[in-house]
Amino acid sequence: MSDCHFAKTVRRAAIGCSLLFAAAAGHAVECGMAQAFKQPDGNAKTGFTPVWSDHDAKALFFIEALNVNTDGTRRSYSVDDFWGEEKALNNLCNAMSDACAGLDKEGLRQRRLLTQKAFAAGWPADLTAQTKISPAIIPFVAGKPCPPVDGFLVSATALHKPNVADACDIGNYADAWSHRRWSCRKTPAKTPCRNLPNAMPRSAIWP
């Protein structure tokens with residue numbers, strides 16, 4: 001199926017006519033599209049994301065970076081793979097209260113080394129505090145991050161099973177890579193969650 005035919009097929013859903021990694025301008029022109037406007041986008045390098053439209057203004061096309069919250073997955077954070085370059089899905093700075101903001105290259109290196117030192121030493125209180133790992137993201141027990149599971153730190157989510165007895169049990173949290181989801185009614189507050197098998201595709205992202 002060509003890029004243009006695909007766009008005509010799904011124009012009601014306002015989906016563009018190219019694969020994600022194609023060059024936006026080139027494929028938009030091939031499909032008879034023109035740039036309609038620039039959407040302000042704080043995550044884009046230029047501060048804007050170009051949005052293209054067909055001549056009937058019934059289909060829109062744009063390419064956007066995927067921002068994913070990996071908290072709750074079993075592969076989110078790793079002390080060994082601090083930057084998430086080999087096996088972890090995320091870099092460990094995103095699990096820290098300051099997100100390593102304002103650190104230069106050497107500061108980032110020192111934060112990584114400090115975190116790895118604290119981990120190797122069994123998370124002593126003084127070093128753990130300096131890592132700025134957030135207990136809201138990496139659950140703590142007895143003042144220390146939960147033990148790794150298969151080489152990855154346990155990461156928590158705001159949505160979790162009710163009455164969590166073991167904060168280190170990763171099964172308590174919403175897993176974005178799982179086929180299952182937890183359906184919880186917000187009111188009353190103590191209403192149990194229901195485990196709904198195969199309710200979400202494996203690629204779905206939720207809290």
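In what follows, every heavy atom counts, from backbone to side chain, and hydrogens, waters and symmetry copies are set aside.
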Mind checking whether [X] and [Y] have side chains closer than 4.5 Å, heavy atoms only?
X      : Y      : answer
Phe119 : Thr131 : no
Arg109 : Lys105 : no
Phe152 : Thr73  : no
Ile170 : Arg74  : yes
Asp41  : Phe48  : no
Lys38  : Val51  : no
Leu92  : Val79  : yes
Phe37  : Ser53  : no

Non-hydrogen atoms of [X] and [Y] that approach each other most closely:
X      : Y      : value
Arg112 : Trp83  : CD-NE1, 3.6 Å
Thr128 : Gly143 : CG2-O, 4.4 Å
Ala156 : Tyr173 : CB-CE2, 3.6 Å

Calculate, to the nearest 0.5 Å, the distance between atoms [atom1] and [atom2] belonging to [X] and [Y] respectively.
X      : Y      : atom1 : atom2 : value
Thr115 : Lys132 : OG1   : NZ    : 11.0 Å
Gln110 : Gln130 : CD    : CD    : 11.0 Å
Cys100 : Asn91  : SG    : CG    : 7.0 Å

In one Ile/Leu/Val/Met/Phe/Trp/Tyr side-chain cluster, 4.5 Å: [X], [Y]:
X      : Y      : value
Ile133 : Val149 : no
Val154 : Trp123 : no
Tyr77  : Leu108 : yes
Ile137 : Val164 : no
Leu89  : Phe82  : no

Taking [X] for its side chain and [Y] for its backbone only, find out whether a donor-acceptor pair lies under 3.5 Å.
X      : Y      : answer
Asp169 : Asp166 : no
Lys144 : Gly122 : yes
Ser76  : Gly72  : no

- Which residues pass the side-chain hydrogen bond (donor to acceptor under 3.5 Å, both in side chains) test with Arg111, sequence neighbours left out?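 Only Asp98 meet the side-chain hydrogen bond (donor to acceptor under 3.5 Å, both in side chains) criterion with Arg111.
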
- side-chain contact (heavy atoms from CB on, under 4.5 Å) involving Glu86 - partner list, sequence neighbours excluded: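 So Glu86 forms a side-chain contact (heavy atoms from CB on, under 4.5 Å) with Asp81.
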
Heavy-atom neighbours of [X] [atom1] exceed 12 at 6.0 Å:
X      : atom1 : answer
Lys87  : NZ    : yes
Asn163 : CG    : no
Asp126 : CG    : yes

- Pairs satisfying disulfide (SG to SG under 2.5 Å), at least one member in residues 120-162, at least two apart: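 Only Cys146-Cys168 qualify under disulfide (SG to SG under 2.5 Å).
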
- Determine whether the side chains of Thr157 and Asp71 contain a donor N or O and an acceptor N or O closer than 3.5 Å.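 Not at all, the side chains of Thr157 and Asp71 share no donor-acceptor pair under 3.5 Å.
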
